[in-house]
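Beneath this line is the structure, given in structure tokens, with notes to follow.
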Amino acid sequence: MIVCRSVAELERMRDAGRLVGEVLTELAAHVKPGVTTADLDALAERRIAQAGATPAFKGYHGYPATICASINEEVIHGIPSGRRVLNEGDIISIDVGASLSGYFGDSAITLPVGPVLEEAATLLRVTEEALYKAIERVRPGGRISDIGHAVQQHIEAYGFSVVREFVGHGIGQRMHEEPQVPNYGEPGRGPRLAEGMVLAIEPMVNAGKPAVKVLADGWTAVTRDSSLSAHFEHTVAVTADGPWILTAREVPVPVR
Ligand code: MF3
Ligand code: CO
């Protein structure tokens, strides 16, 4: 069952989403050579606690941290570590989830660490563009697969590839709710979108081939061909007035 939320509920989800956006903005300001992914995790954990919220990922199926920090060929679910130091030229995907007053927000960005190669910069730009093209399809009467179709069209036009093994999801009073939101496929398939539905839309895009594998830590997903990977995610509500990006940041994060 796909839950449709009242305007009052969506406003509470906006509060959770706004916090997640603020945490990402603060983390982005700390992304530079020499910083460890554990430093970023500690910052996020403090900031979420200060807001009276709860990290959504910590303890989820045993996940040990507040954020996911995935560098270069790591696609998603990189576990923060004090031994993982950011280097100039890296790209880092940071995924943050939190619950506030019982409602969840979930958002991710991928950032360059200092100057990066042109291919990396293009990958980040195109993946973020694909997220916004997908968000444009969020309207009552639309179909779930319209979202993934928009992502796939944009990404493959650049010769990049869309990860198949992980998908976006409904979100609300749990982090993962129905429906699944793939980042590929034919348009016009799957459940019909209706006012009040809330979706976490999260394209994961590889510079090389689409295949991924999970490392022995049981979490970190990496590209099989070791190509770079990017991830952008927003929590988005379906409204009659158009998509409402609940994790929108007032201060945009400069990603390029
Ligand atoms: N944004 C990711 C997701 O929606 C983060 C989950 S990390 C986990 O699935 F550790 F919580 F699984
Ligand atoms: Co998500």
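Quick caveat: nothing in here was measured; it's all calculated off a predicted structure. Counting starts at 1 for both ligands and their atoms, following the listed order.
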Answer yes when [X] and [Y] have at least one side-chain N-carboxylate O distance shorter than 4.0 Å, and no when they do not.
X      : Y      : value
Arg5   : Glu177 : yes
Glu250 : Arg14  : yes
Arg12  : Asp15  : no
Arg84  : Glu74  : yes
Glu129 : Lys133 : no

(request) Please say whether Tyr60 places an N or O atom under 3.5 Å from an N or O atom belonging to ligand 1. (result)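 In this structure, Tyr60 places no N or O atom under 3.5 Å from an N or O of ligand 1.
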(message) Geometry only, no angles: is His169 polar-contacting ligand 1 at N/O separations under 3.5 Å?
(response)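 Looking only at distances, the answer is yes, because the N/O contact criterion of under 3.5 Å is met.
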(request) Note the single closest protein heavy atom to atom 2 (C) of ligand 1, along with its residue, its atom name and the distance in Å. (result)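 The closest heavy atom on the protein side is Asp95 OD2, 3.1 Å.
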(request) Please write down residue, atom name and distance for the protein heavy atom closest to atom 6 (C) of ligand 1. (result)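 Here the nearest protein heavy atom works out to His77 NE2, 3.7 Å.
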(request) Give the name of the N/O/S atom in Glu202 that lies closest to the Co ion (ligand 2). (result)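 This turns out to be OE2.
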(request) Provide the atom name of the closest N, O or S atom of Glu233 relative to the Co ion (ligand 2). (result)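 Per the distance ranking, Glu233 contributes OE2 as its closest N/O/S atom to the Co ion (ligand 2).
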Looking only at heavy atoms, is any part of [X] under 4.0 Å from ligand 1, and if so is it the side chain, the backbone, or both, or is it neither?
X      : answer
Cys68  : side chain
Trp219 : side chain
Tyr63  : side chain

(request) Answer yes or no for His169: is there an N/O/S atom below the 2.8 Å cut-off from the Co ion (ligand 2)? (result)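 A backbone or side-chain N, O or S atom of His169 is under 2.8 Å from the Co ion (ligand 2).
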(message) Any N/O/S atom from Asp106 (main chain or side chain) under 2.8 Å of the Co ion (ligand 2)?
(response)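 Given the 2.8 Å cut-off, Asp106 counts as a ligand of the Co ion (ligand 2).
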Within 6.0 angstrom of [X] [atom1], more than 12 heavy atoms from elsewhere:
X      : atom1 : value
Gln50  : CD    : yes
Leu215 : CG    : yes
Gln180 : CD    : no

(request) Identify, by atom number and element, the atoms of ligand 1 in contact range of Glu233, meaning under 4.0 Å from any of its heavy atoms. (result)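 Those of ligand 1 that fall under 4.0 Å from Glu233 are 1 (N), 4 (O).
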(request) May I ask you to check whether Phe104 and His176 place their ring centers less than 6.0 Å from one another? (result)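 Aromatic pair excluded; centres sit 6.0 Å or further apart.
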(request) Between His61, Met175, His176, flag the one that comes closest to atom 3 (C) of ligand 1 by a heavy atom. (result)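 The option holding the nearest heavy atom is His176.
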